[in-house]
S.K.: 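Handing you a structure now.
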Amino acid sequence: FCRNEHSNHCLNWEGIGITRPGSFAEYVAAPARACYRLPDNLSDAQAAYVEPVACVVHSLKRIRIWPGDEVLIFGAGPMGLLLVQALRHMGASQVVVVEKQPDRLALAGHVGAGAMVLSGPDQAEALRELAPYGFGVVVDATGVPAVIEQAIEYLKPREQYLQFGVAPKDERISWSPYDLFQHDWTVVGSFALCYTFQPAIAWLSSGIVRVEPLISHTLPLTEFPAALEAFAAGRTMKVHLRP
């Protein structure tokens, strides 16, 4: 896999701060091949977003975005909001976001979403009004199985569904194989990143993706436990820790 440039499927895959030490610390040891030189105009806040944006870049290399596509994204967390900006840059004419938290919906509009829909009983009707025949691309950025199961229903025939959100390993969903066959749907997964740090740095450096609105808290490293607890409880957006 590595020799075919599919490094995210390496049989001996390692992630710094995941499978090997190196995260939430003042100093981190990293192999030279995993390091990138950052432009002088990149702030620390932007630099901390290189890895998430690299995941977004990888996902957009996995699908085709045609100029004028209407895109539907489920989830307006930090990753969903990065996707909003990236998809607009790739040529989507309209990006619609579905989210259960009103403050996150408002933020989606601030970073480029053309329409925001509050998830709930009125969601289906609102989405049908926006796109009576469905959307050209539907993206899940929640990882919630119940959301994933119904998200594909909003897809136009012969179009693409992108599974970007990370669902729990043991969860299962139910889709109709006949629907996949009848509608000519393409279902695409996107795992992590794959040689996409460099374009992510370029997007951040040039301002194509703005990350400052997504940072709700900047805290010292000593407050890491409280920061993690607040994030896990959904009381924050992106939290930055300063060593």
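From a predicted model like this one, the values you see are computed outputs, not experimental measurements.
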S.K.: Side chains of E99 and T142, heavy atoms from C-beta outward: is any pair under 4.5 Å?
M.R.: no

S.K.: I would like to know whether W66 and R64 meet side-chain contact (heavy atoms from CB on, under 4.5 Å); could you show each step before the answer?
M.R.: CA-CA 6 Å; W66 297 105; R64 292 182 302 172; 3.4 Å; yes

S.K.: If you look at every heavy atom in I16 and P21, which pair is closest and at what distance?
M.R.: CG2-O, 4.0 Å

S.K.: Transitively linked via ILVMFWY side-chain contacts under 4.5 Å: V187 with F74?
M.R.: yes

S.K.: With rounding to the nearest 0.5 angstrom, report the CG to CD1 distance, L162 to I63.
M.R.: 5.0 Å

S.K.: Look at the side-chain heavy atoms of Ile, Leu, Val, Met, Phe, Trp and Tyr, link any pair under 4.5 Å apart, and say whether V57 and M79 land in one connected group.
M.R.: yes

S.K.: Should we say atom CD of E125 is surrounded by more than 12 heavy atoms from elsewhere, each under 6.0 Å from it?
M.R.: no

S.K.: Counting only N and O atoms by type, is there a donor-acceptor contact under 3.5 Å from the side chain of Q101 to the main-chain atoms of D103?
M.R.: no

S.K.: Under the 3.5 angstrom rule, does the side chain of T186 hit a backbone N or O of Q160 as a donor-acceptor pair?
M.R.: no

S.K.: Walk me through whether V239 and L228 qualify under side-chain contact (heavy atoms from CB on, under 4.5 Å).
M.R.: CA-CA 8 Å; V239 180; L228 186 60; over 6 Å; no

S.K.: What is the minimum heavy-atom distance between F1 and H9, and which atoms define it?
M.R.: CD1-O, 3.2 Å

S.K.: Ignoring hydrogens, what is the shortest heavy-atom contact between A47 and L38? Give both atom names and the distance.
M.R.: CB-CD1, 3.5 Å

S.K.: Output the distance between atom CD (E129) and atom CG (D122), rounded to the nearest 0.5 Å.
M.R.: 10.0 Å

S.K.: Under 4.5 Å between side-chain heavy atoms, hopping through other hydrophobics if needed: is there a path connecting L127 to I152?
M.R.: yes

S.K.: As a quick check of understanding, evaluate side-chain contact (heavy atoms from CB on, under 4.5 Å) for M116 and V96, giving each step before the final call.
M.R.: CA-CA 6 Å; M116 291 76 73; V96 178; over 6 Å; no

S.K.: Would you compute the distance between atom CD of E153 and atom OG of S176 and round it to the nearest 0.5 angstrom?
M.R.: 10.0 Å

S.K.: What are the two closest non-hydrogen atoms of A45 and H240, and how far apart are they?
M.R.: O-CE1, 3.2 Å

S.K.: Would you find a donor on one side and an acceptor on the other, under 3.5 Å apart, between the side chain of Q150 and the backbone of V147?
M.R.: yes

S.K.: Heavy atoms only: give me the nearest L155-G136 pair and the separation to one decimal.
M.R.: CD1-O, 4.0 Å

S.K.: Report whether V111 and L118 are members of the same hydrophobic cluster (ILVMFWY, side-chain heavy atoms less than 4.5 Å apart, transitive linking).
M.R.: yes

S.K.: Between L130 and Q94, is there a side-chain heavy-atom distance shorter than 4.5 Å?
M.R.: yes

S.K.: Looking only at heavy atoms, which two atoms of S93 and E70 are closest? And how far apart?
M.R.: OG-CG, 4.0 Å

S.K.: Using side chain to side chain contact (heavy atoms under 4.5 Å, CB included) as the criterion, point out the one residue from L81, V71, L105, L107 that pairs with V97.
M.R.: L105

S.K.: Indicate the ring-plane relationship of W203 and H89, choosing parallel, tilted or perpendicular according to the 30° and 60° boundaries.
M.R.: perpendicular

S.K.: Does K238 count as lying over the ring of Y49, i.e. NZ or CZ under 6.0 Å from the six-ring centre, within 45 degrees of the axis?
M.R.: yes

S.K.: Taking the side chain as everything from C-beta on, heavy atoms only, tell me whether V211 gets closer than 4.5 Å to L82.
M.R.: yes

S.K.: Let me know which of I208, L214, V56 forms a side chain to side chain contact (heavy atoms under 4.5 Å, CB included) with Q85.
M.R.: L214

S.K.: Same cluster or not: I65 versus W185, using hydrophobic residues (I, L, V, M, F, W, Y) connected whenever any side-chain heavy atoms lie under 4.5 Å apart?
M.R.: no

S.K.: Going from CG on L193 to OG on S7, what distance comes out if it is rounded to the nearest 0.5 angstrom?
M.R.: 7.5 Å

S.K.: Not counting sequence neighbours, which residues clear salt bridge (Lys or Arg N to Asp or Glu O under 4.0 Å) with D40? List them please.
M.R.: none

S.K.: Can any side-chain N or O of R20 pair as donor or acceptor with the backbone N or O of E14 at less than 3.5 Å?
M.R.: no

S.K.: Ignoring hydrogens and angles, tell me if any N or O in the side chain of N8 forms a donor-acceptor pair with the backbone of F191 under 3.5 Å.
M.R.: yes

S.K.: Identify, with sequence neighbours excluded, every residue that meets ring pair (Phe, Tyr, Trp, His ring centres under 6.0 Å) alongside W175.
M.R.: Y161

S.K.: Got Q163 and S190 here, is their nearest side-chain heavy-atom distance under 4.5 Å?
M.R.: no

S.K.: Would S205 and N41 count as having a side-chain donor-acceptor pair, cut-off 3.5 Å?
M.R.: yes

S.K.: Measure from the side-chain N and O atoms of R158 to the backbone N and O of D184, and report whether any donor-acceptor pair falls under 3.5 Å.
M.R.: no

S.K.: Should C55 and H58 count as side-chain neighbours, where that means a heavy-atom distance under 4.5 Å?
M.R.: no

S.K.: Please round to the nearest 0.5 Å and tell me the distance separating atom CH2 of W13 and atom CD1 of I18.
M.R.: 4.0 Å

S.K.: Starting from the C-alpha separation in whole Å, work towards a yes-or-no answer on side-chain contact (heavy atoms from CB on, under 4.5 Å) for S59 and F164.
M.R.: CA-CA 7 Å; S59 73; F164 185 87; 3.6 Å; yes

S.K.: Could you check whether any side-chain heavy atom of E212 comes within less than 4.5 Å of a side-chain heavy atom of Q46, counting everything from C-beta outward?
M.R.: yes

S.K.: Taking atom CD of E51 and atom OG1 of T196, what is their separation to the nearest 0.5 Å?
M.R.: 8.5 Å

S.K.: Can you confirm whether more than 12 heavy atoms, excluding those of R128, are under 6.0 Å from its CZ atom?
M.R.: yes

S.K.: Quick one: are R242 and P220 in side-chain contact, heavy atoms under 4.5 Å?
M.R.: no

S.K.: Just checking F135 against Y154, ring centres under 6.0 Å apart?
M.R.: no

